[in-house]
2 protein chains.
Amino acid sequence: MTDRSHPAGKPIRTAVTDEDGIDFAIIELFFFAYRDFTSDPDQILSDYGFGRAHHRVLHFVNRRPGLTVAELLDVLKITKQSLARVLKQLIDTDHVVQLQGPRDRRQRELYPTAKGRALALALARPQSRRIHAALEDFGATERALIERFLEAMVNPELRAQIDIVPAKMSGKSHGDH
Amino acid sequence: MTDRSHPAGKPIRTAVTDEDGIDFAIIELFFFAYRDFTSDPDQILSDYGFGRAHHRVLHFVNRRPGLTVAELLDVLKITKQSLARVLKQLIDTDHVVQLQGPRDRRQRELYPTAKGRALALALARPQSRRIHAALEDFGATERALIERFLEAMVNPELRAQIDIVPAKMSGKSHGDH
DNA sequence: AAATTATGTCAGTACTATTGACGTAATTTC
DNA sequence: GAAATTACGTCAATAGTACTGACATAATTT
């Protein structure tokens, strides 16, 4: 609409580029990459009536079996109420089970069932394939570089969450406090 | 809840690892990296009452001034109705203006105003800083590698969208530092 | 016994997205 | 020139994921 009743700014016809001192190239690549990265599991999830939130819960429950609700909330950075519905659905559909904490019986330790493990793997498979394809021409050195880059993109305070993951790294056993 | 009335699966107590043939390390890194990557602009946006959807529109309007509504829908992969509200708000707040298409007057070419350009840059700044910091120890070769990786993560059919971007590669003098 | 902690749940709200339907103006086709 | 198509805008209804605040329960700690 060329009609404007209130003082509208004039159109700027030049594109922003990296010359503005901002790394638009990588910003945009990151957007496209993540959009497509999540599209594969999203499709599978819709068959189950699940969404991305279910995927995240399922992922971390499989990745750190036995984590408590509080720990999960901390990793996902969402509220208890947001988690509630999603977790309930996963439990009702027998993808996740809760066990009473052995030391503290108020706690609920979360574990995947065989069904939940299978779904988690099914969701991760296309993502892993995509990564493999993207790393096709790369060797171990380049792969390590990508990992270093991605890790550096994470907030330093939150990098601890990554290290909790079993296996993988070597001497990263800053155990529990 | 140790009580289950229906046949629930048994808890699996071992964590999934890369040994399952799946690249969980990078999958998880990608998740954390993107989560934090978007957190900076999200904070700024909330001051304006805007959300991530506004950011995306603002980004592409600044990146390809003069694109039409249809083109924008194609890039964002959302529906017209989803775009409508967001775009309207950006126009009402004088961040974006519409001009009649010169050749086809049905089309609306979208342009940023000075205000819209400023906001787009403000949103991109912390993201760019984060990228710079992550690439700190990397040279041009490593940087190119990261770009190649991210580009390879995008669906091949959709890579065309990336190339539309002006300037970009070639003798990219990603200037100072 | 009282306070705290871990979890669950209810009510209300917001944002982003969806599909379907309809209207209008401009362009293209017959 | 009339009809069909295209580009865009808008209305209504719905869903998924998130939020805040409040309150309940059981277990643990003080």
Whole angstroms only, please: what is the [atom1]-[atom2] distance between [X] and [N]?
X	N	atom1	atom2	value
Leu87(A)	dT9(C)	CG	P	10 Å
Lys88(B)	dC11(D)	NZ	C1'	13 Å
Leu83(B)	dC15(C)	CG	P	17 Å
Lys77(A)	dT20(D)	NZ	P	13 Å
Gln98(A)	dT9(C)	CD	C1'	13 Å
Gln107(A)	dT25(D)	CD	P	21 Å
Leu67(B)	dA7(D)	CG	P	15 Å
Leu73(A)	dC19(D)	CG	C1'	13 Å

Does [N] have its OP1 or OP2 closer than 4.0 Å to a side-chain nitrogen or oxygen of [X]?
X	N	answer
Arg85(A)	dG16(D)	no
Gln89(A)	dG16(D)	no
His54(B)	dC15(C)	no

(Q) Tell me whether Lys88(B) at atom NZ has more than 12 heavy atoms from other residues, nucleotides or ligands lying less than 6.0 Å away. (A) no

Q: Determine whether more than 12 heavy atoms belonging to other residues, nucleotides or ligands lie under 6.0 Å from atom CD of Gln43(A).
A: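 It does not: Gln43(A) CD has 12 such atoms or fewer within range.
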
Q. Between Arg13(B) and Tyr111(A), is NZ or CZ placed under 6.0 angstrom from the six-membered ring centre and within 45° of the ring axis?
A.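 Satisfied, under 6.0 Å and within 45°.
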
Q | Phe30(B)/Phe30(A) under ring-ring contact (aromatic ring centres under 6.0 Å, His included): CA gap, chis, key distance, verdict | A | CA-CA 10 Å; Phe30(B) 215 57; Phe30(A) 214 55; 5.7 Å; yes

Q. Centres of the Tyr48(A) and His54(A) rings: under 6.0 Å?
A.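 For Tyr48(A) and His54(A), the ring centres are not under 6.0 Å apart.
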
Q: Name the closest nucleotide to the Ala84(A) side chain, picking from dA17(C), dA18(D), dT9(C).
A: dT9(C)

**Q.** Side chains of Asn155(B) and Arg35(A), donor plus acceptor under 3.5 Å
**A.**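 No, no side-chain donor-acceptor pair sits under 3.5 Å.
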
Q) Does the ring-ring contact (aromatic ring centres under 6.0 Å, His included) test come out yes or no for Phe60(A) and Phe31(B), once each step is laid out? A) CA-CA 11 Å; Phe60(A) 285 106; Phe31(B) 166 71; 5.7 Å; yes

Q) With the sugar-phosphate defined as primed atoms, P, OP1 and OP2, and the base as all remaining atoms, what B/S/- string results for nucleotides 19-30 of chain C, 5' to 3', for protein heavy atoms under 4.0 Å? A) BBB---BBS---

